[in-house]
Trainee: 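Handing you this structure, nothing more for now.
Just the heavy atoms: all of them, side chains too, but no hydrogens, waters or symmetry mates, feed the values below. Numbered from 1 within each chain, the chains take letters A, B, ... in sequence-line order.
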Number of protein chains: 2
Amino acid sequence: MAVKYKEIAERLEHDIRSGTFNQVKKLPTEEELMKQFNVSRNTIRKAVSQLVHRGYVYQVQGSGLFLREESSADYINLGSLRGLTQDLSAKSIETNIMDLCVLEADEGLAAQLRCAPGTKLYYLKRLRIVDKEPFSIEISYFKKEIVPYLNEEIASNSVYEYLIEDLQLHIGFADKVISCEKVDASSAELLHIEPDNPALIIENTVCLANGTIFEWSKSIFHFRKAKILNRINFK
Amino acid sequence: MAVKYKEIAERLEHDIRSGTFNQVKKLPTEEELMKQFNVSRNTIRKAVSQLVHRGYVYQVQGSGLFLREESSADYINLGSLRGLTQDLSAKSIETNIMDLCVLEADEGLAAQLRCAPGTKLYYLKRLRIVDKEPFSIEISYFKKEIVPYLNEEIASNSVYEYLIEDLQLHIGFADKVISCEKVDASSAELLHIEPDNPALIIENTVCLANGTIFEWSKSIFHFRKAKILNRINFK
DNA sequence: AAGTGGTCTAGACCACCGT
DNA sequence: CGGTGGTCTAGACCACTTC
């Protein structure tokens with residue numbers, strides 16, 4: 001990571017998360033940060049705008065740079081790539097692999113992934129267990145052309161860590177569709193809830209930085225245990 | 001709006017929405033935009049980054065600026081201030097005011113709004129009807145100190161348009177918590193669904209640009225009709 | 001090699017907050 | 001009024017895509 005503004009943003013994010021500014025609830029001024037990191041003002045402003053987007057701070061013209069309140073509960077964060085591991089860091093997380101194989105896209109999957117029917121895909125179904133209780137079911141399809149190899153060991157840990165660090169994929173953007181349904185019988189059993197109970201659903205279409213779709217997934221969450229937090233900035 | 005990059009972003013957003021670039025699926029290069037709007041490169045880049053953030057386009061280094069696919073269905077957009085009116089623009093939207101009054105914050109509301117119990121609040125409950133069918137129930141509390149006046153006429157249209165254009169409030173950021181519950185009996189009746197059916201819930205804490213909380217709201221959506229779309233950018 | 005976006009600098013001036 | 005963010009410019013150099 002040779003990029004200055006990203007390094008500064010990561011450094012500040014780390015400091016915020018470890019409570020460095022909790023007393024004053026305020027970050028140093030832009031001028032102080034310029035001196036501290038020995039970079040130009042625009043570079044500081046670019047680093048800070050990353051923290052704003054991630055929901056850590058807000059800027060007030062003429063006044064300063066303030067910490068946003070920490071969210072007390074454990075929420076799922078839509079914007080993070082690392083998924084549950086980072087969001088629910090205080091909890092114990094286990095993963096059961098229910099299924100992992102290569103298959104060929106049918107009409108429906110081909111439409112979701114914008115590829116020809118018959119395209120080879122990795123199919124992965126996992127049960128996520130948080131604090132010893134079933135939390136969610138995650139069903140993912142990856143284009144094999146882009147993710148040429150996957151095994152149970154990788155799928156038991158963070159798939160995205162593997163995609164980014166080992167396969168060196170550049171992940172660009174995603175569409176997430178959030179909805180709510182009655183849970184089907186087999187999912188109800190896995191999640192230890194009654195059939196016809198509600199379930200929170202996230203369908204996720206993920207693209208590389210160059211715009212190519214490489215994953216489509218559907219996650220089914222236990223309706224009492226999962227809440228999603230989204231921090232929005234206007235302006 | 002004397003700010004150049006915002007004007008350029010709005011102009012480009014309008015052009016994108018009206019299909020100007022649909023043939024090529026690409027925007028002009030930064031250099032062309034610089035000439036077209038007669039501004040510096042950084043100003044163009046700032047305008048473009050707003051479009052990226054709103055999910056309209058993605059940038060590919062060395063290649064260009066591309067349109068993201070339009071989402072086919074009618075989704076609720078978490079990032080917009082205007083709410084349903086803009087998101088579901090193709091549909092007919094009606095609003096029934098169920099309740100509108102001033103009350104004093106109890107312990108629970110005081111905690112949500114970070115104010116003293118007894119603080120005066122506007123309470124507003126509305127039923128939103130889309131294409132002649134009940135779509136959602138919205139319950140809002142506004143600090144009267146910040147929103148000193150509200151009436152049925154304003155509440156029948158866009159409250160946020162009134163807050164921004166008439167009261168000149170500067171809205172800064174919001175925390176949105178999305179979850180899923182079994183619907184209660186009275187809400188079920190309003191939404192024309194069976195009791196115990198699922199409901200999609202958004203709880204919303206909204207702050208002014210200076211960080212003051214001024215609204216807390218809870219929206220209960222018809223689980224078959226409401227889907228939320230969130231477009232995420234990494235990097 | 002040419003085209004196009006990504007990062008970074010240095011400096012100017014404006015707008016808003018607080019004392 | 002001084003302090004602090006917000007906007008804007010002009011120019012340099014780097015990194016990636018495309019041909």
Trainee: Rounded to the Å, how far apart are B:Glu31 CD and C:dA2 C1'?
Mentor: 12 Å
Trainee: Using 4.0 Å as the upper bound for N to carboxylate O, is an ion pair formed by A:Glu30 and A:Arg45?
Mentor: yes
Trainee: Rounded to the Å, how far apart are B:Phe37 CZ and D:dC8 P?
Mentor: 13 Å
Trainee: Could you check whether any side-chain heavy atom of B:Val206 comes within less than 4.5 Å of a side-chain heavy atom of B:Phe214, counting everything from C-beta outward?
Mentor: yes
Trainee: Residues from residues 19-30 of chain B sitting under 4.0 Å of DNA chain C, heavy atoms only?
Mentor: B:Thr29, B:Glu30
Trainee: Who pairs with A:Lys120 by salt bridge (charged side-chain N to carboxylate O under 4.0 Å, His left out), at least two apart in sequence or on another chain?
Mentor: A:Glu104
Trainee: Could you tell me the separation between the OH atom of B:Tyr58 and the P atom of C:dT4, rounded to a whole number of Å?
Mentor: 17 Å
Trainee: In whole Å, what is the span from the CG atom of A:Leu65 to the C1' atom of D:dG3?
Mentor: 15 Å
Trainee: Check DNA chain C against residues 3-13 of chain A and give the residues with a non-hydrogen atom under 4.0 Å, in numerical order.
Mentor: A:Val3, A:Lys4, A:Tyr5
Trainee: Whole angstrom is fine here: how far is it from CG in A:Leu33 over to C1' in D:dG5?
Mentor: 12 Å
Trainee: Without decimals, in angstroms, what is the distance between A:Leu208 CG and D:dT17 P?
Mentor: 11 Å
Trainee: With axes from five pairs an end, tell me the bend angle of the helix from C:dA1-D:dT18 to C:dG18-D:dC1, nearest 10°.
Mentor: 20°
Trainee: In sequence, state the C-alpha distance, the side-chain angles, and the governing distance for A:Arg68 and B:Asp175, and then conclude on salt bridge (Lys or Arg N to Asp or Glu O under 4.0 Å).
Mentor: CA-CA 10 Å; A:Arg68 280 176 76 165; B:Asp175 277 12; 2.7 Å; yes
Trainee: Which residues satisfy the side-chain hydrogen bond (donor to acceptor under 3.5 Å, both in side chains) test with A:Glu138, sequence neighbours excluded?
Mentor: A:Arg126, A:Arg128
Trainee: Go through the structure and list residues passing ring pair (Phe, Tyr, Trp, His ring centres under 6.0 Å) with A:Tyr123, not counting sequence neighbours.
Mentor: A:Tyr141
Trainee: Please tabulate, one pair per line, all N/O donor-acceptor pairs under 3.5 Å involving side-chain atoms of residues 4-17 of chain B, not counting sequence neighbours.
Mentor:
residue : atom : partner : partner atom : Å
B:Glu13 : OE1  : B:Arg54 : NH1          : 2.3
B:Glu13 : OE2  : B:Tyr56 : OH           : 2.9
B:Arg17 : NH1  : B:Tyr56 : OH           : 2.7

Trainee: Go through the structure and list residues passing ring pair (Phe, Tyr, Trp, His ring centres under 6.0 Å) with B:Phe66, not counting sequence neighbours.
Mentor: B:Tyr58
Trainee: Output the rounded distance in Å from CD (A:Gln50) to P (C:dC8).
Mentor: 11 Å
Trainee: Considering only NZ, NE, NH1 and NH2 on the basic side and carboxylate oxygens on the acidic side, decide whether A:Glu69 and B:Arg114 come within less than 4.0 Å.
Mentor: yes
Trainee: Does A:Thr29 have any side-chain hydrogen bond (donor to acceptor under 3.5 Å, both in side chains) partners at least two apart in sequence or in another chain, and if so, which?
Mentor: A:Glu32
Trainee: Does A:Asn38, at its CG atom, have more than 12 non-hydrogen atoms belonging to other residues, nucleotides or ligands within less than 6.0 Å?
Mentor: no
Trainee: Taking only N and O in the side chain of A:Lys46, is any of them less than 4.0 Å away from OP1 or OP2 of C:dC8?
Mentor: no
Trainee: Summarise how protein sits on nucleotides 10-19 of chain C as a single string, 5' to 3': B when a protein heavy atom is under 4.0 Å from the base, S for sugar-phosphate-only contact, - for no contact.
Mentor: B-B--BBB--
Trainee: Check this for me: A:Glu31, atom CD, are more than 12 non-hydrogen atoms of other residues, nucleotides or ligands nearer than 6.0 Å?
Mentor: no
Trainee: Sequence neighbours left out, what pairs pass salt bridge (Lys or Arg N to Asp or Glu O under 4.0 Å) with at least one residue falling in residues 146-165 of chain A?
Mentor: A:Arg82-A:Glu165
Trainee: Given that A:Glu32 and B:Thr43 both sit by DNA chain D, which one's nearest nucleotide is further toward the 5' end?
Mentor: A:Glu32
Trainee: Run the ring pair (Phe, Tyr, Trp, His ring centres under 6.0 Å) test against B:His170 and tell me which residues pass, sequence neighbours left out.
Mentor: none
